[in-house]
Protein chains: 2
Amino acid sequence: MTYNHPKILVAIDCLVFGYDTTENNLKVLLFQREVEPFAGEWSLIGGFVNEDEDLSDGAERVLEKFTGLKDVFLEQLSTFGKANRDPGGRVVSILYWSLIKLDDLHRDIANEHGAKWFDLDQLPELVVDHSEMLKLGTEQLVHNAKSRPIGFELLPEDFTLPQLKQLYDAIYGKSIDDRNFRKKILSTDLLIKTDKKDKTTSKKGAFVYRFDTEKYNELRKQGYHLDLNV
Amino acid sequence: MTYNHPKILVAIDCLVFGYDTTENNLKVLLFQREVEPFAGEWSLIGGFVNEDEDLSDGAERVLEKFTGLKDVFLEQLSTFGKANRDPGGRVVSILYWSLIKLDDLHRDIANEHGAKWFDLDQLPELVVDHSEMLKLGTEQLVHNAKSRPIGFELLPEDFTLPQLKQLYDAIYGKSIDDRNFRKKILSTDLLIKTDKKDKTTSKKGAFVYRFDTEKYNELRKQGYHLDLNV
DNA sequence: ACAAAAGTGTTGACCGTACACCCATGT
DNA sequence: ACATGGGTGTACGGTCAACACTTTTGT
């Protein structure tokens with residue numbers, strides 16, 4: 001070790017949004033802390049960074065522990081580092097956020113770890129500065145929904161346009177005009193229409209679409225930047 | 001101390017953009033590292049976080065040390081934390097960025113600390129992942145120039161429209177249409193025209209303007225969001 | 001008088017928004 | 001036949017981009 005300076009505990013907190021396609025609402029994964037201070041209180045999922053571990057690997061480890069998921073949308077958001085933010089000691093915490101397709105499996109795995117999915121409008125009090133983290137993440141979600149195709153991280157691979165619209169409605173907290181939404185989303189030319197119909201929510205049935213990930217990645221390499229402007 | 005986990009060195013690096021009004025170009029503040037590894041090589045200004053110090057206070061301390069400035073634009077950008085990023089030991093580094101009005105005083109203070117202002121197109125090799133930090137900060141600058149009035153952080157309090165346009169040209173790396181630029185910037189109604197003229201660059205002289213900070217803050221409280229769309 | 005920078009308006013193309021009805025099908 | 005959700009087009013207004021000439025004044 002070359003440097004001679006005070007060392008600090010480094011933690012990762014991970015804000016996980018899951019979308020429940022059947023209920024049509026956005027949820028957040030929280031867990032009950034097991035250690036003092038604040039044992040038993042609700043917090044974002046998190047953990048300490050190991051000495052030989054990349055931050056991004058630590059975030060993946062935390063996420064996989066509580067959801068069983070790998071290779072999903074997971075990005076760094078911001079770092080929280082007030083000297084006295086945690087009464088248990090000096091901890092600098094790096095906030096990540098993740099978007100997942102919520103299904104029963106993830107509910108079960110969450111359960112095993114004392115974690116639970118909460119509706120955004122029925123959140124409990126959160127420890128330390130986690131409410132601030134949640135606020136930041138929610139803003140990020142709204143902001144990103146306009147500029148990147150993050151909606152498809154939250155929906156199953158096969159989805160219908162009414163489903164996609166409901167997701168955007170949930171994110172923005174208001175109802176978008178149906179015709180304009182279709183026009184905009186289809187004009188990106190990044191949706192693949194299949195000939196299947198999903199009849200679970202109507203007699204007529206809604207066509208099933210898929211997001212064209214390859215095409216999007218190809219375009220992105222060429223500097224393309226999606227702007228949904230919904 | 002309640003927690004029992006490995007502790008890690010936490011550093012702050014600060015990417016400082018300065019705009020030189022006389023030369024009309026953007027510069028970045030770099031300094032020559034004094035300690036091994038990489039002693040003598042160029043790096044962003046930075047330092048280690050003290051145990052009882054808020055991250056934001058640490059960033060302010062670093063910035064003041066090298067520029068003599070307080071109370072200027074200074075925001076957190078991102079955190080770099082690959083386990084082996086620094087061969088001198090495990091260091092997690094939080095990147096901040098700052099915008100300042102560059103004048104001779106700041107050049108002198110920088111000099112005292114072995115720091116120097118570099119043109120963006122004449123940068124030396126940088127240590128560790130600092131080139132990545134610079135890239136991120138440059139993108140941030142371009143992106144923010146469109147959505148927030150950051151230009152005024154880089155110009156003196158009194159400025160002319162030709163100066164402001166040259167600044168935006170420098171940020172975007174291309175020349176904006178003069179008439180459209182004036183229309184847009186004046187339509188925000190956030191510039192105060194004074195009756196002074198600056199004749200240093202022309203015989204006719206250009207009117208001196210000021211940014212209406214109070215009005216902007218007032219509007220912002222009401223949820224207003226500037227969108228320059230230059 | 002002339003050089004050099006400051007200042008000024010109009011038009012056409014495109015995009016966002018508002019808005020109401022028909023379609024397909026299971027019961 | 002009817003109820004339910006899926007699907008479709010148009011017209012208006014506002015915003016962005018392109019474009020060239022006049023004004024001022026120091027030398």
Side-chain angles (χ1 to χ4, degrees), chain A residues 21-24 142-143 145-147 151 155-156 158-170 172-210 224-230, chain B residues 21-24 142 145-147 155-156 158-170 172-210 224-230:
Chain A
T21 316
T22 57
E23 278 187 39
N24 287 318
V142 173
H143 181 255
K146 298 185 191 191
S147 54
L155 284 178
D158 284 9
F159 56 86
T160 65
L161 291 186
Q163 275 181 317
L164 185 60
K165 174 174 143 39
Q166 276 174 323
L167 169 59
Y168 275 90
D169 286 350
Y172 291 127
K174 67 175 184 187
S175 182
I176 305 160
D177 181 274
D178 198 17
R179 282 163 288 186
N180 293 337
F181 177 76
R182 279 163 185 272
K183 245 180 301 173
K184 278 173 205 163
I185 204 86
L186 291 174
S187 74
T188 65
D189 211 25
L190 288 168
L191 294 197
I192 303 168
K193 187 178 187 172
T194 70
D195 48 11
K196 283 185 288 183
K197 278 202 165 187
D198 174 2
K199 296 203 172 182
T200 53
T201 54
S202 80
K203 296 162 182 174
K204 184 176 178 182
F207 277 105
V208 169
Y209 286 79
R210 250 169 225 206
Y224 171 80
H225 190 257
L226 179 66
D227 188 1
L228 270 178
N229 246 108
V230 185
Chain B
T21 315
T22 56
E23 278 187 38
N24 286 319
V142 173
K146 298 186 190 190
S147 54
L155 285 178
D158 283 9
F159 56 87
T160 65
L161 291 186
Q163 274 182 319
L164 185 60
K165 176 175 143 39
Q166 277 173 324
L167 169 58
Y168 274 91
D169 285 350
Y172 291 127
K174 66 174 184 188
S175 182
I176 305 161
D177 181 274
D178 198 17
R179 284 164 286 186
N180 293 338
F181 177 75
R182 280 164 183 271
K183 245 181 299 174
K184 278 172 205 164
I185 203 84
L186 291 173
S187 75
T188 64
D189 211 26
L190 287 168
L191 294 196
I192 303 167
K193 186 177 187 172
T194 70
D195 48 11
K196 282 185 285 181
K197 277 202 167 190
D198 174 1
K199 296 203 173 183
T200 53
T201 54
S202 81
K203 294 161 184 176
K204 184 177 178 182
F207 277 105
V208 169
Y209 286 79
R210 253 172 221 203
Y224 171 80
H225 191 257
L226 178 67
D227 188 1
L228 270 179
N229 246 109
V230 185

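Chain A is the first sequence line, chain B the second, and so forth, proteins listed ahead of strands; every chain is numbered from 1.
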S.K.: Any idea which heavy atoms bring K165(B) and I176(B) closest together, and the distance?
M.R.: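 Looks like NZ-O, 2.8 Å.
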S.K.: For L228(A) and for D178(A), find the nucleotide of DNA chain C with the closest heavy atom, then tell me which residue's nucleotide is more 5'.
M.R.: L228(A)
S.K.: Nearest whole Å is fine: how far is dA6(C) P from K165(B) NZ?
M.R.: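 Rounding to the nearest Å, NZ of K165(B) and P of dA6(C) are 10 Å apart.
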S.K.: When the distance from CG of D198(B) to P of dT25(D) is rounded to whole Å, what number comes out?
M.R.: 14 Å
S.K.: Shorter than 3.5 Å, N or O on both sides, protein versus nucleotides 9-11 of chain D: list them out with atom names.
M.R.:
unit_1  : atom_1 : unit_2  : atom_2 : d
dT10(D) : O4     : K183(A) : NZ     : 2.8

S.K.: Could you state the atom-to-atom distance from CZ of F181(B) to P of dG7(C) in whole Å?
M.R.: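 Checked: the CZ to P distance equals 12 Å.
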S.K.: Below 4.0 angstrom from OP1 or OP2 of dA5(C), is there any side-chain N or O of K199(B)?
M.R.: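 It does not, given that no N or O in the side chain of K199(B) lies less than 4.0 Å from OP1 or OP2 of dA5(C).
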S.K.: For DNA chain D, whose closest nucleotide is more 5', that of L186(A) or that of T201(A)?
M.R.: T201(A)
S.K.: From dG26(C), dT8(D), dA17(D), pick the nucleotide closest to the side chain of R182(A)?
M.R.: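 Looking only at heavy atoms from C-beta outward on R182(A), the closest nucleotide is dT8(D).
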S.K.: Nearest-Å distance, CG (D227(B)) to C1' (dC16(D))?
M.R.: 12 Å
S.K.: Could you tell me the separation between the CG atom of L161(A) and the P atom of dG5(D), rounded to a whole number of Å?
M.R.: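 The answer, rounded to whole Å, is 17 Å.
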S.K.: Any donor-acceptor pair under 3.5 Å between the side chain of K204(A) and the base of dA24(C)?
M.R.: no
S.K.: I need the CG-P distance between N24(A) and dG5(D), as an integer number of Å.
M.R.: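 My rounded result for the distance is 12 Å.
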S.K.: Identify which nucleotide among dA6(C), dG6(D), dA17(D) has an atom closest to any side-chain atom of S202(B), counting heavy atoms from C-beta outward.
M.R.: dA6(C)
S.K.: Tell me the interatomic distance from K146(A), atom NZ, to dG16(C), atom C1', rounded to whole angstroms.
M.R.: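 Rounded to the whole Å, the gap is 13 Å.
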S.K.: Does K197(A) qualify as a cation-pi partner of F207(A), given the criterion of NZ or CZ under 6.0 Å from the six-membered ring centre and within 45 degrees of its axis?
M.R.: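 Flagged: K197(A) positioned over aromatic ring of F207(A).
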S.K.: Search all heavy atoms of K196(B) against all heavy atoms of R210(B) and return the closest pair with its distance.
M.R.: NZ-NH2, 4.1 Å
S.K.: Mapping K203(A) and P162(A) onto DNA chain D by nearest heavy atom, which one lands closer to the 5' end?
M.R.: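 That would be K203(A).
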S.K.: Give me the atom names and distance for the closest heavy-atom approach of G151(A) to L167(A).
M.R.: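 Minimum heavy-atom separation between G151(A) and L167(A): O-CD2, 3.3 Å.
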S.K.: Can you check the I185(A) CD1 to dT17(C) P distance for me, whole Å?
M.R.: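 For the pair I185(A) CD1 and dT17(C) P, the rounded distance is 14 Å.
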S.K.: Can you spot which of L190(A), D158(A), L155(A), L186(A) makes a side chain to side chain contact (heavy atoms under 4.5 Å, CB included) with Y209(A)?
M.R.: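 Among the candidates, only L186(A) passes.
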S.K.: Can you tell me if NZ on K146(A) sees more than 12 non-hydrogen neighbours from other groups inside 6.0 Å?
M.R.: no
S.K.: Do you know which two heavy atoms are closest between P156(A) and T21(A), and how far apart they sit?
M.R.: CD-OG1, 3.7 Å
